[in-house]
There are 2 protein chains.
Amino acid sequence: MRERCELMVPARKTPTIQDVARHASVSAATVSRVLSSPERVTETTRERVYAAVRDTGYTINQAARSLRLKAARTILMAAPNIGNPFYSTIVDAVIREAAERGYSVLVASRIGDDPNRWLSDYMLSNRADGLLLFDGSLDTNRLHGLRDDGVALPLVAAYDEIPDAKIHSVITDNRLAAKRAIRHLVDLGHTEIGHIIGPSRNQSTNERFIGFAEAMQEAGLVVREEWLFPGTYNMESGTAAAEHLLASGKLPTAVFSGNDEMALGLIHRLRLDGIDCPRDISVIGFDDIAVARFFDPPLTTMRQPREDIGRMATSSLIDIIEGVVPEDEPIHVILTSDLVVRESTRAI
Amino acid sequence: MRERCELMVPARKTPTIQDVARHASVSAATVSRVLSSPERVTETTRERVYAAVRDTGYTINQAARSLRLKAARTILMAAPNIGNPFYSTIVDAVIREAAERGYSVLVASRIGDDPNRWLSDYMLSNRADGLLLFDGSLDTNRLHGLRDDGVALPLVAAYDEIPDAKIHSVITDNRLAAKRAIRHLVDLGHTEIGHIIGPSRNQSTNERFIGFAEAMQEAGLVVREEWLFPGTYNMESGTAAAEHLLASGKLPTAVFSGNDEMALGLIHRLRLDGIDCPRDISVIGFDDIAVARFFDPPLTTMRQPREDIGRMATSSLIDIIEGVVPEDEPIHVILTSDLVVRESTRAI
DNA sequence: GAAACTCCTGCAATCGATTGCATTGACCTT
DNA sequence: AAGGTCAATGCAATCGATTGCAGGAGTTTC
């Protein structure tokens with residue numbers, strides 16, 4: 001069987017639907033029908049075609065299929081920095097959910113670097129049927145540009161909000177979660193609270209900051225300028241904040257960090273100077289990354305349902321692509337974060 | 001300008017090369033030439049075409065292009081579990097390198113679950129021009145199947161070796177690195193050394209184990225069965241190993257962990273029972289993940305050049321795809337790991 | 001026994017970009 | 001001025017899969 005096949009196709013090239021048709025002595029149309037709606041074809045023909053597919057080792061040519069159907073069955077996931085481990089779980093969830101619905105996933109990173117060309121020119125050339133955007137820093141105008149120039153490209157903003165009610169979004173309750181975090185500290189008796197702020201172009205960062213400020217006000221506490229530190233969501237930002245704190249002399253009794261990485265960096269650096277968490281200072285993080293519960297001390301944090309974000313954003317996007325959901329009635333999912341109390345926070 | 005355009009194309013659909021041609025009063029062939037080799041076209045025509053492209057908002061249809069050129073300018077990155085943060089840096093490097101050379105990146109995960117269909121049927125249907133495989137657990141036969149059935153698909157095995165000299169690979173010196181790690185412990189005076197082993201289907205795991213065993217023998221030390229623990233490269237495996245150790249009563253003075261995550265889990269769990277690292281036990285990891293140097297204690301580990309792996313594997317794959325490198329002369333890159341001494345290991 | 005019906009299959013057009021070959025016309029040479 | 005050269009452009013086929021339409025075989029109905 002194998003040998004015969006090889007003799008008949010001496011010049012090796014990937015077999016096409018025509019080759020299968022010839023093999024099974026039917027037309028290409030019939031092969032196509034067997035593959036997409038088997039019930040429309042007689043059983044005997046069907047079996048013959050299946051056998052021919054096996055013999056030739058046929059696999060469909062997606063380019064041709066996409067061209068004909070005007071659909072690539074592919075989504076594009078775009079994030080500012082895929083290198084951040086925070087996205088690991090999300091990427092995994094997105095891929096799994098997409099695969100379940102028959103979609104492939106293209107991944108793009110660092111949109112920010114060259115914001116002019118990235119998305120519109122290179123990526124959106126019928127390679128992807130929809131866009132999953134984890135970057136709130138893109139301005140609304142550009143996105144509207146995307147939607148107006150050609151056909152509107154299905155778009156879901158995930159994790160990081162885009163301040164435009166017309167864009168579908170799947171996010172978490174950043175502001176509320178931040179308030180919850182501060183209230184936890186206040187409940188423990190803390191009154192002197194600092195905050196490490198994430199990159200300011202992210203909407204989520206700003207929401208967390210607003211939540212922090214609101215909760216402080218509600219508790220009748222003052223936000224002290226010298227206890228606010230800018231960061232970029234990595235551990236080095238945490239150590240930098242620690243060094244500023246140490247240099248300034250006067251320490252707060254608690255710090256709310258915009259994410260877990262910065263919290264870990266902070267705790268680590270302070271300990272080098274003998275400031276122990278939680279003995280001398282309480283620290284609460286945000287996200288609940290995998291290592292948080294294994295750290296010393298195990299980190300108190302606001303858990304983000306990352307897997308749910310990835311899964312829901314993907315399924316929403318595919319719903320929109322497939323027209324299950326009306327494009328003009330924006331989906332707005334807001335997932336809740338949970339307070340996970342561990343040992344990095346303690347009553348004063 | 002904009003208005004005229006809208007009036008002329010009332011039924012909004014993505015413009016094709018034909019539309020651009022009509023706009024510029026040239027043929028589609030000329031537009032194509034302007035876009036791919038501008039120097040072959042008169043300046044005046046060229047400008048007219050560029051203007052038409054701008055006016056219509058034309059973007060190339062990649063499906064049509066792929067079909068015609070039999071090249072998707074896309075590579076597929078496949079890993080057993082993209083969810084592992086270990087891949088973050090790698091994914092980032094792969095995407096960046098690919099983008100630099102004009103390629104997009106499709107990402108697939110969990111090949112292991114359904115090893116029969118995943119790769120060959122769904123993915124390799126002319127969607128990707130090459131495969132970047134981070135999974136040594138696939139059996140050689142299947143991969144050869146991929147190469148024999150149709151046209152050989154360019155393939156590079158990365159990080160995790162595939163035991164087949166004919167397959168291109170970009171890996172690290174796992175065995176040597178493991179020996180280096182053990183020698184570090186031996187140099188510190190340790191003689192009672194345990195090992196947490198990664199998932200056994202990974203070739204890298206086995207190499208590390210062999211390195212461990214060889215180094216032990218060379219140092220005249222015995223490998224004790226009860227100090228070998230199976231793991232799956234996550235922190236829970238580390239805590240499980242710790243619990244086994246605690247239950248057994250007799251502790252080794254040092255442990256070599258197959259990766260950093262398991263090392264962190266081990267250290268964390270042992271400390272709960274009052275066994276302190278490095279006071280009571282030394283632990284060395286493998287990889288040097290981002291959190292390693294911020295942990296308490298900062299983790300001694302064998303640093304893997306993850307970014308280099310991603311970058312080199314990608315550039316090699318694209319070289320092969322583009323025929324820069326002969327397919328039949330396998331590339332075998334072996335990158336070296338470095339010992340990073342921190343504080344989790346100490347002289348006995 | 002013929003009309004009406006169903007079911008299966010093939011024909012051929014179509015999706016949009018690329019490229020070998022043919023054509024045009026400008027310019028140069030003698 | 002006629003013939004030759006060469007660069008610029010257009011024509012039309014091509015890549016492979018899908019699908020509306022139509023034809024043909026077989027079945028039902030009156």
Side-chain angles (χ1 to χ4, degrees), chain A residues 9 11 13-50 52-53 56-74 102 121-122 124-127 129 150-151, chain B residues 9 11 13-50 52-53 56-73 121-122 124-127 129 150-151:
Chain A
V9 191
K13 49 197 259 314
T14 91
T16 74
I17 202 171
Q18 320 288 342
D19 298 328
V20 177
R22 216 171 304 122
H23 231 81
S25 312
V26 295
S27 73
T30 300
V31 176
S32 175
R33 276 186 281 254
V34 168
L35 265 30
S36 57
S37 40
E39 74 284 357
R40 293 176 35 83
V41 174
T42 320
E43 171 144 10
T44 59
T45 316
R46 207 189 309 156
E47 289 310 322
R48 209 139 38 90
V49 170
Y50 282 141
V53 167
T56 54
Y58 170 75
T59 57
I60 200 166
N61 183 321
Q62 280 295 343
R65 183 165 211 266
S66 299
L67 174 58
R68 180 63 228 244
L69 297 183
K70 293 172 176 303
R73 290 194 82 77
T74 297
D121 280 10
Y122 265 88
L124 305 185
S125 32
N126 305 55
R127 284 163 111 93
D129 303 326
V151 162
Chain B
V9 191
K13 48 196 265 306
T14 91
T16 73
I17 201 171
Q18 319 288 341
D19 298 327
V20 176
R22 216 172 302 123
H23 232 81
S25 313
V26 296
S27 73
T30 301
V31 177
S32 175
R33 275 186 283 253
V34 168
L35 265 31
S36 57
S37 40
E39 73 284 357
R40 292 175 39 82
V41 173
T42 321
E43 171 146 11
T44 60
T45 316
R46 206 188 309 156
E47 289 310 323
R48 210 140 36 91
V49 170
Y50 283 141
V53 167
T56 54
Y58 169 76
T59 57
I60 201 165
N61 183 320
Q62 279 294 346
R65 182 165 211 266
S66 298
L67 174 60
R68 180 63 228 244
L69 296 183
K70 294 174 176 303
R73 289 193 83 76
D121 280 10
Y122 264 87
L124 305 185
S125 32
N126 304 54
R127 287 162 108 91
D129 304 326
V151 161

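Basis for what follows: all heavy atoms, side chains included, without hydrogens, waters or symmetry-related copies. As the structure is a computational prediction, the values presented were derived from the model and not from experiment. Throughout, a chain's letter reflects where its sequence line sits, starting with A, and its residues are numbered from 1.
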Notebook entry, point to check: Listed in order of residue number, which residues of residues 37-50 of chain A have a non-hydrogen atom at under 4.0 Å from DNA chain D?
Noted result: none

Margin query: Minimum heavy-atom separation for A:Val49 and A:Ala24, please, with both atom names.
Written below: CA-CB, 4.1 Å

Next item on the list: Calculate the interatomic distance between A:Arg73 atom CZ and D:dA17 atom P; express it in whole Å.
Entry: 17 Å

Notebook entry, point to check: Hey, is the side chain of A:Arg65 poking within less than 4.0 Å of OP1 or OP2 on D:dG16, counting only N and O atoms?
Noted result: no

Margin query: Give me the stems containing DNA chain D, sorted by first residue, counting only three or more consecutive Watson-Crick or G-U pairs with both distances under 3.5 Å; say none if there aren't any.
Written below: C:1-30 with D:1-30

Checklist line | A:His23 to A:Ala52 - nearest heavy-atom pair and separation | finding: CB-CB, 3.7 Å

Next item on the list: Working to the nearest 0.5 Å, report the span between CG of B:Asn61 and OG1 of B:Thr16.
Entry: 9.0 Å

Checklist line | Base-contact (B) and sugar-phosphate-only (S) positions in nucleotides 10-15 of chain C, heavy-atom cut-off under 4.0 Å, - elsewhere | finding: BB-BBB

Notebook entry, point to check: Looking only at heavy atoms, what is the nearest atom pair of A:Leu67 and B:Ala63, with distance?
Noted result: N-CB, 3.7 Å

Notebook entry, point to check: Nearest-Å distance, CD1 (A:Ile17) to C1' (D:dT18)?
Noted result: 8 Å

Note to self: For a quick test of reading the model, state the closest non-hydrogen atom pair linking B:Pro15 to B:Thr56 and the distance between them.
What the structure shows: CG-O, 3.3 Å

Item checked: side-chain contact (heavy atoms from CB on, under 4.5 Å) partners of A:Thr74, counting only residues at least two apart -> A:Ala72, A:Ser104, A:Leu106, B:Leu106, B:Arg127

Please list, one pair per line, the donor and acceptor atoms closer than 3.5 Å that link side chains of residues 38-46 of chain A to other protein atoms, with sequence neighbours excluded.
unit_1, atom_1, unit_2, atom_2, d
A:Arg46, NE, A:Pro38, O, 3.3
A:Arg46, NH2, A:Val41, O, 3.2

Note to self: Just the rounded figure in Å: distance from C1' of D:dG16 to OH of A:Tyr58.
What the structure shows: 8 Å

Pair up each side-chain donor or acceptor in residues 30-37 of chain B with any protein partner under 3.5 Å, not counting sequence neighbours, and list the distances.
unit_1, atom_1, unit_2, atom_2, d
B:Thr30, OG1, B:Ser27, OG, 3.3
B:Ser36, OG, B:Ser32, O, 3.0

